[in-house]
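Starting from 1, each residue takes its place in the sequence as its number.
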Amino acid sequence: MDFSGCALVKRANATAYYQRKTEFNSSSNLDDTSLYYLLEEWALNSSGTNMKMFLIPPVVCLVAGVLIIPIILFVIFSRFSIRQETRYMLLGNALLSDLIYLLFYTLLAALNAAHVHLPKEACVLLLFLLAVAYCGGLFTAAAIVLDTYIAILFPLRYIAILPPSRTKKIIVLLWMYSGAFPGIFFLVLSSTHSFVPCVMETCSVPVILILTLNGTDAVKLCFWLSTTVVFLCLSLIFCCYAILYFKTKQSGIWESICSRASVTFLMHNTVLFFYFFPLLALFVESFLCVNIVIGLQTGIWVSLTVCNVLMILPKVLFPFLYGLRYREISASLKSMVRRKHLHLVSPAPSPS
């Protein structure tokens, strides 16, 4: 890595920072070179305190996720009757994807807050794994909704449509698509950009988003296609929930607002909202930034807020609002706690 080159950039940017600040905030008619150096200035002159404040939400969510997700995964994979059901296999896959996402994103946020410079290859690898984990969680969430849709509307044919063997193949396909989908995007991005080293050393998701939105037509096309696919997945989830509601409305399970069906439906839609709203916010911010309605610096701070706060919330809410709603999982957890409690309070054997 060329640290001397980065040091020269730091010194040059330190002398020119205030002269370029107005241009940075307007971000109008920037060529690639100007954009790269303005991004370097943001990375080198941004307040360390502000960056460390953005580290708090990922760390808190990671701690909460580590406390609950491995326990649910242990319950699923340790009991044969549970791990052979489609809904639990999909749930375990979603939780695993979310845990991987939390781990990698918190690591990336910690490196950025500590101003640790990464080689380009390490940065690309981290971003790729992050994208794979996010796509895996999103695609699995859509598969969970489709599974619920089939189970409720076609109960007699459910086993024939989704046996455990077919579910395992679906999970493998989900991971293949989760790897191929961002892989194509990263190949296009790397082949059409010659990154300035100090920009890539920052390895910040908002910086990569800005570079993408100001990249070549091929990169922009990949970005908007990716956005379209994500919104199609979320629209599929929303449509399935809406159809389930109207199909079961006459059955009477929605009469009481405190019924299990109503509470479960509310929790599922809460998770859906937290998946949908951050992506919508990123879409609006990207559109405004590309059309120069907001400044470059404002766009980066908005992206930081969305990525470090809003996009990781559903990852930690999912096991609490969704996973623990399953009776078998909650009953297994309660039995494990009871056995541990009885083991701790059991009296010692009397001496003979």
Side-chain angles (χ1 to χ4, degrees), residues 50-73 90-113 126-127 129-145 148 178 182 204-206 208-209 226-227 229-231 233-238 241 263-286 299-326 329:
N50 291 336
M51 296 302 296
K52 291 177 182 177
M53 289 294 293
F54 278 108
L55 180 61
I56 295 176
V59 171
V60 172
C61 290
L62 176 63
V63 171
V66 168
L67 290 176
I68 187 63
I69 292 178
I71 297 175
I72 299 178
L73 290 175
L90 292 175
L91 174 63
N93 192 62
L95 292 176
L96 182 61
S97 300
D98 290 347
L99 183 60
I100 294 173
Y101 183 87
L102 287 173
L103 286 170
F104 283 120
Y105 194 86
T106 305
L107 173 62
L108 197 61
L111 292 175
N112 288 328
L126 267 177
L127 292 172
L129 293 175
L130 200 64
V132 171
Y134 186 85
C135 291
L138 183 64
F139 293 161
T140 308
I144 289 175
V145 177
T148 306
S178 300
S204 172
V205 174
I208 301 301
L209 286 176
S226 303
T227 304
V229 171
V230 169
F231 275 93
C233 288
L234 293 172
S235 300
L236 174 65
I237 295 173
F238 177 79
Y241 274 135
V263 174
T264 303
F265 187 76
L266 176 63
M267 288 185 174
H268 290 183
N269 280 276
T270 301
V271 175
L272 175 63
F273 171 79
F274 280 108
Y275 267 108
F276 180 80
F277 179 73
L279 295 172
L280 180 62
L282 271 182
F283 175 80
V284 173
E285 180 268 329
S286 303
I300 293 179
W301 286 116
V302 171
S303 297
L304 266 174
T305 303
V306 173
C307 294
N308 284 41
V309 181
L310 298 179
M311 289 190 73
I312 62 174
L313 271 180
K315 307 298 182 182
V316 73
L317 289 175
F318 188 80
F320 290 98
L321 298 183
Y322 199 101
L324 295 180
R325 291 291 298 172
Y326 285 109
I329 293 179

*Please report the shortest heavy-atom distance between V132 and P182, naming the atom on each side.*
CG2-CG, 3.9 Å
_Point-to-point distance, once rounded to the nearest 0.5 Å, from CG of L96 to CG of L73_ = 6.5 Å
*Please report the closest heavy-atom contact between L90 and T140, naming both atoms and the distance.*
O-CG2, 3.2 Å
*Is S97 close to F139 at the side-chain level, that is, under 4.5 Å between some pair of heavy atoms?*
no
*asked:* For A94 versus I144, what's the shortest heavy-atom pair and its separation?
replied: CB-CD1, 4.1 Å
_Show every side-chain hydrogen bond (donor to acceptor under 3.5 Å, both in side chains) that has at least one partner inside residues 53-67, sequence neighbours left out._
none
*Any idea which heavy atoms bring K315 and M311 closest together, and the distance?*
CG-O, 3.9 Å
*Per the side-chain contact (heavy atoms from CB on, under 4.5 Å) rule, which among L102, V63, T106, L103 passes with P58?*
T106
_Rounded distance [0.5 Å steps], CD1 in I68 versus CG in L95_ = 9.0 Å
*Return the minimal non-hydrogen interatomic distance between L313 and C61, and the atom names on each side.*
CD2-SG, 4.4 Å
_Nearest 0.5 angstrom please: L99 CG to L62 CG, how far?_
7.5 Å
*Worked verdict on V145 versus F238 for side-chain contact (heavy atoms from CB on, under 4.5 Å)*: CA-CA 9 Å; V145 177; F238 177 79; over 6 Å; no
*To the nearest 0.5 angstrom, please state how far the CD1 atom of I56 sits from the CZ atom of F54.*
10.5 Å
*asked:* What I'd like to find out is whether the side chain of I69 reaches to under 4.5 Å of the side chain of F318, using heavy atoms alone.
replied: no
*asked:* For a quick test of reading the model, state the closest non-hydrogen atom pair linking N308 to A109 and the distance between them.
replied: ND2-CB, 4.3 Å
*Return yes when atom CZ of F320 has more than 12 non-hydrogen atoms of other residues, nucleotides or ligands closer than 6.0 Å, and no otherwise.*
yes
_L127 side chain near F104 side chain, heavy-atom distance below 4.5 Å_ = no
*How far apart are the C-alpha atoms of I329 and I72, what are their side-chain angles, what is the distance that settles it, and do they pass the side-chain contact (heavy atoms from CB on, under 4.5 Å) test?*
CA-CA 7 Å; I329 293 179; I72 299 178; 4.0 Å; yes
